Amino acid sequence: MSQLKNLLVILLILVLGVAAFLMLKTGYFDDQWEGTEMIPPNAVFVFETDDPVGFWNSLVQQPVWEKLHQFAGLQQLESQLVFLDNITGNQGNLHQFLKGQRFRLSLHPLGKQSFGFLAATAFTNREFLPFIKNLEQKFKNQGGEVKRRSYSGISLFEISLENGEKRFTYAIVDNVLLGSYHSFLVEDAIRYAQSEGLKNFKETFPHLFSKDSELPPQGLVHFSGKNFANFIQELTLGSSNKLVEDLRAGDFSANLIPGFSDAAIEFRGDVFVAGTLQELGSEAAISEVSQEMNSLISNRSMLVSSYWMSDLTDFERITNPSFSAKPVVQAELENSLEIQNFRRTITGQTVLVIEEGLLEESPRQLLILGTNDPFGSLEHLNSFSLAVNQNDSTTVFRDYYRGTEVVLLDLEEFPAHLFSGNFTGFSKTYFAAVNGQLVFANSLRTLRNLLDDVYQDNTWGKSIWQQEHLKQHARAPIRFFLNNDRFFPALTGNSDPSWAALFQKYAEVFGSFDWLSVSFLESGKLAIDLAINLEEKAASRSLILTESRSSAFDKPLIYGPAGLQNYNDRSTDFLVQDEDYFVHLLTNEGELVFTQRIPGEIISDVFQIDFYENGKLQLVFATQNLVYALDRYGNLLPGFPIHFEAGVNIAHLNVLDYDNSRDYRFFVADQQGNLYLYSRTGELLDDWAPKQTNRGVLASPPAHHRVPGLGDFMVALHANGSLGLYSRRGESKTGGPIVLGEGISTAYGIEEGIVEGQARLVTINDAGEVVKVNFKGELTYRNQLLRPDRDTRFSLVNDQNDSDFVWVIKEYNQLKVLSPDERLLFGLDILSEELDYRYFSFGPENKIFAVLDRVQDFAYLYNRDGTLINQKPVNVSGDLWVEFSGSTNEYSLVTVYMNRLNEYKIPL
């Protein structure tokens, strides 16, 4: 395992001078070997050079060495090379001794715990023997100790290094000196040298070794994609993951020439697929469509694969041999006129995005398709989806999010059948038209996340740095981009524990690797660039926030801020209410839009509706006994306010729009837990007039959820621990309430899996038991969290879009914040009895957890690692609102304190 620290340490055979002992004992060569014949076939790569010292000297002179030398093993190697140079006279003797000799270094996996390097140096003559003899004597003078044993008739020698903590094993087979820190690798090399029945690396990959090719001065790396996949699988947890499967399916290998630039490590060379040079044709032209597709790549992206093909048929050149098409599905596609027409609208320019789960079996994936007729493409897919559902429109899943229609195509691996086996991992395909392009996703949540990011400008199209990065090899037929900021945490979290500890130890060095880009160029050429950030990352620091804007009111504010979309320019307006019940709407510049008094305090969220169906948005909210709807100028809409049942108080309000048809429903719960449903004109619907539950007050607002394959659900979670699932007509879908515990004092979240049927409602009861129930009413999970005492309180805190959540455990003066899978994220020490929590998520790197201390009117903001963002607490007497801008890379924080609405900027 410790060998990772010694990435090039096998060059130490140049340092030790141990060859002297063996060379002088043998004194002759019976045969001439190249050295590659002894390398086992499981090598991830074989690096060969005839000037190893020159390569090393070139490496240490590069700017990137400032980062690489932080690995302890490379620091030791550097000092040992200096030592060897000193004892050989500082006259370049070591360089001259090894120059022209065939040196090869190979990497081999050794199971879950380790990997090892094997060095093989093939000498061409005896002229080095006097040099070795002199070096041997000087090594003995340093107190060197060598132990000897035999393996298969070959003498093995072991040298103790680093005060006996490490042992280096070496042997000679005719003219080849073998060495490794793992004696097993030396023994394995001897087996391959002596057995004609074993295929070595060169025989396994003969296309990587050409007799006619000269060795480049920089050296050459022979790389195996399949062996690299095996290495990754050994390194990570679990039996399989998406990265491993794709690497194996590609069956690629390459000859690569290493190089260095100011802030990158580069490789250039030839790429082979199944042993044949991979030719993809000429470079593609960059079209407006391809540029628009880049604007749909979310900053959440971990791995981005772009394919600039001339048309759909070009994907037949890169078929996935591991994919087995289902005959029924393939026949359905081939016989569909709609699919034939759909294929004609696709340009061949495609981007695959993996947001998370790359090292897991089912990652979240998006496929962005270039189309020359977006509306035609969508129409053809809609018609085909209807045909798949036997032309029964009631069974086609359609949902609406941020005004965009999302449709489910319930056909297994639809993209893979469409693109010659490429783009697997779509057990179901959700599709939508987004900004004039067609987008596929393998889960509903993934597509919703993209719509959020496009709305918030949290995409590559709004990032200057990423736009510049995309220009490199921009016309390559195939490119891959790995974002290490996202990949490295996933690698650490999904690695075997011993590897994870090592990654964490050298997190600063690994974290300096920014991007890995792989470009498949024309005529079988390959370009790999690993960008390294040479700047020292500033230590995390707290910020003292200063107000960027403040608006004062005559009276203290008791509600808000509620952030609302301005339909004119998509900016954000803010609504607040003062203690005299005046409602104020302000623009994001602080300009007052209207002030209107209402008889009562707002007790619900503020919703927006398009009542007149003209794109202009109005406001809806509830007081204790009225439901209000106001236009942008504070005027009541026709039929409003809706008067609630006399003598009964409203506890919760939700606004529903089942099919984005603007036929709104107002879903209300009273303080006894009874449910009411009003039409858009304020009429109380018969089936909900009211729906009497007899279960007491709700723990969270009633809601509507549309679940693929199961339909619509009206959900009511009661504080007594009972859950009601109803149809839109108020009929129980489970035959009765589902008991989740003796009491629930928090909200619920929705857990959506990649594989359908996994959508579950998730919450935690007052006893600290996490419970999950699917929409068939089946309890599928129970887990008791640690409960130190009876006063421990448990909460589920949703983010601003109800798309992500965290668990919060409150014990006396300590908070623990847990991820959805119940892993501890961080702990906080806060001494207060009255705390509220808010959670804002704008992607894996951009999360804010806020703690509101209601005793002192303070708010504390923490990042995803639990680091305090604001050194000085922010004064908050009401609520707070957070927005993230991907274009400016900063947060906006808006708060209510006393009679003021305050705005802060938080730069990243």
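Nothing here was measured: the structure is a model prediction, and the numbers come from that model.
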Heavy-atom neighbours of [X] [atom1] exceed 12 at 6.0 Å:
X	atom1	value
Asp392	CG	yes
Arg729	CZ	no
Tyr812	OH	no
Glu579	CD	yes

Between [X] and [Y], do the side chains contain an N or O donor and an N or O acceptor separated by less than 3.5 Å?
X	Y	result
Arg838	Asn798	no
Gln565	Asp573	no
Asp452	Tyr401	yes
Glu883	Thr572	yes
Ser722	Asn720	yes
His584	Asp578	yes
Tyr897	Asp857	no
Asn774	Thr780	no
Ser745	Asp766	yes

Please check: side-chain N/O of [X] versus main-chain N/O of [Y], any donor-acceptor pairing under 3.5 Å?
X	Y	result
Asp659	Ser661	no
Thr746	Leu796	yes
Gln784	Ala767	yes
Asn870	Leu861	yes
Ser604	His652	no
Ser832	Asp853	no
Asp789	Asp791	yes
Ser795	Val797	no
Asn458	Val454	no
Gln800	Val882	no

Practice task
Could you give me the CA-CA distance, side-chain angles and deciding distance for Arg793 and Glu833, then say whether salt bridge (charged side-chain N to carboxylate O under 4.0 Å, His left out) is met?
Solution key: CA-CA 11 Å; Arg793 286 172 282 177; Glu833 289 300 315; 3.7 Å; yes

Problem - Arg680 to Tyr664, cation-pi by 6.0 Å centre distance and 45° axis angle - result: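 Arg680 over Tyr664 ring: no.
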
Exercise for the section: Flag this pair as yes if the NZ/CZ of Lys733 is under 6.0 angstrom from the six-membered ring centre of Phe713 and inside a 45 degree cone about the axis; otherwise no. Expected result: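 Yes - Lys733 lies over the ring of Phe713, closer than 6.0 Å to its centre and within 45° of its axis.
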
Handout entry: Aromatic centroids of Phe667 and His704 separated by under 6.0 Å
Key =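 Not close enough - the centres of the two rings lie 6.0 Å or further apart.
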
Problem - Aromatic contact, Phe574 with Trp881 (centres under 6.0 Å) - result: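 Yes, they do, as the ring centres are separated by less than 6.0 Å.
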
Distance-only criterion, 3.5 Å: show the donor-acceptor pairs between side-chain atoms of residues 823-831 and protein atoms not counting sequence neighbours.
| residue | atom | partner | partner atom | Å |
| --- | --- | --- | --- | --- |
| Arg823 | NE | Asp821 | OD1 | 3.3 |
| Arg823 | NE | Asp821 | OD2 | 3.0 |

Handout entry: Identified side chain to side chain contact (heavy atoms under 4.5 Å, CB included) partner of Phe397 from the options Leu444, Asp410, Leu710
Key =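 Of all the options given, the one that passes is Leu444.
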
Practice task
Mind checking side chain to side chain contact (heavy atoms under 4.5 Å, CB included) for Tyr612 and listing every partner two or more places apart, or none if nothing turns up?
Solution key: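 For Tyr612, the residues satisfying side chain to side chain contact (heavy atoms under 4.5 Å, CB included) (neighbours in sequence not counted) are Asn614, Gln618, Leu637, Pro638.
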
[Y] and [X], any side-chain heavy atoms less than 4.5 Å apart:
X	Y	value
Arg665	Leu677	yes
Val894	Leu880	no
Leu835	Leu852	no
Ile738	Leu740	yes
Gln577	Phe582	no
Ile750	Asp802	no
Thr623	Asn625	yes

How long is the gap from [atom1] on [X] to [atom2] on [Y], to the nearest 0.5 Å?
X	Y	atom1	atom2	answer
Lys772	Arg782	NZ	CZ	13.0 Å
Glu613	Ile609	CD	CD1	10.5 Å
Asp670	Asn649	CG	CG	8.5 Å

Problem - Mutual orientation of the aromatic rings belonging to Tyr862 and Phe849 [parallel < 30°, tilted 30-60°, perpendicular > 60°] - result: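 It falls in the tilted class, 30° to 60°.
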
Problem - Plane angle bin for Phe840 and Phe842 - parallel if under 30°, tilted between 30 and 60°, otherwise perpendicular - result: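 Rings of Phe842 and Phe840: parallel, as their planes differ by under 30°.
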
Handout entry: From CA spacing to verdict: side chain to side chain donor-acceptor pair (under 3.5 Å), Asp804, Tyr839
Key = CA-CA 9 Å; Asp804 191 11; Tyr839 178 49; 2.9 Å; yes

Practice task
Apply side chain to side chain donor-acceptor pair (under 3.5 Å) to Ser443 and Arg364, showing your working.
Solution key: CA-CA 7 Å; Ser443 78; Arg364 294 188 181 275; 3.0 Å; yes

Handout entry: Sole candidate of Trp688, Tyr676, Tyr678, Phe640 that passes ring-ring contact (aromatic ring centres under 6.0 Å, His included) when paired with Phe666
Key =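 The single option meeting the ring-ring contact (aromatic ring centres under 6.0 Å, His included) with Phe666 is Phe640.
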
Problem - Option among Tyr430, Phe414, Phe426 that satisfies the ring-ring contact (aromatic ring centres under 6.0 Å, His included) test with Phe440 - result: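 The single option meeting the ring-ring contact (aromatic ring centres under 6.0 Å, His included) with Phe440 is Phe414.
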
Problem - salt bridge (charged side-chain N to carboxylate O under 4.0 Å, His left out) assessment of Arg854 paired with Asp836 - result: CA-CA 7 Å; Arg854 295 307 189 186; Asp836 284 337; 2.9 Å; yes

Problem - Check ion pair Glu778-Arg760 (N to O, under 4.0 angstrom) - result: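 Arg760 and Glu778: not salt-bridged.
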
Problem - Chi angles and distances behind the side chain to side chain donor-acceptor pair (under 3.5 Å) call for Arg398, Asn382 - result: CA-CA 10 Å; Arg398 297 179 186 274; Asn382 272 314; 3.0 Å; yes

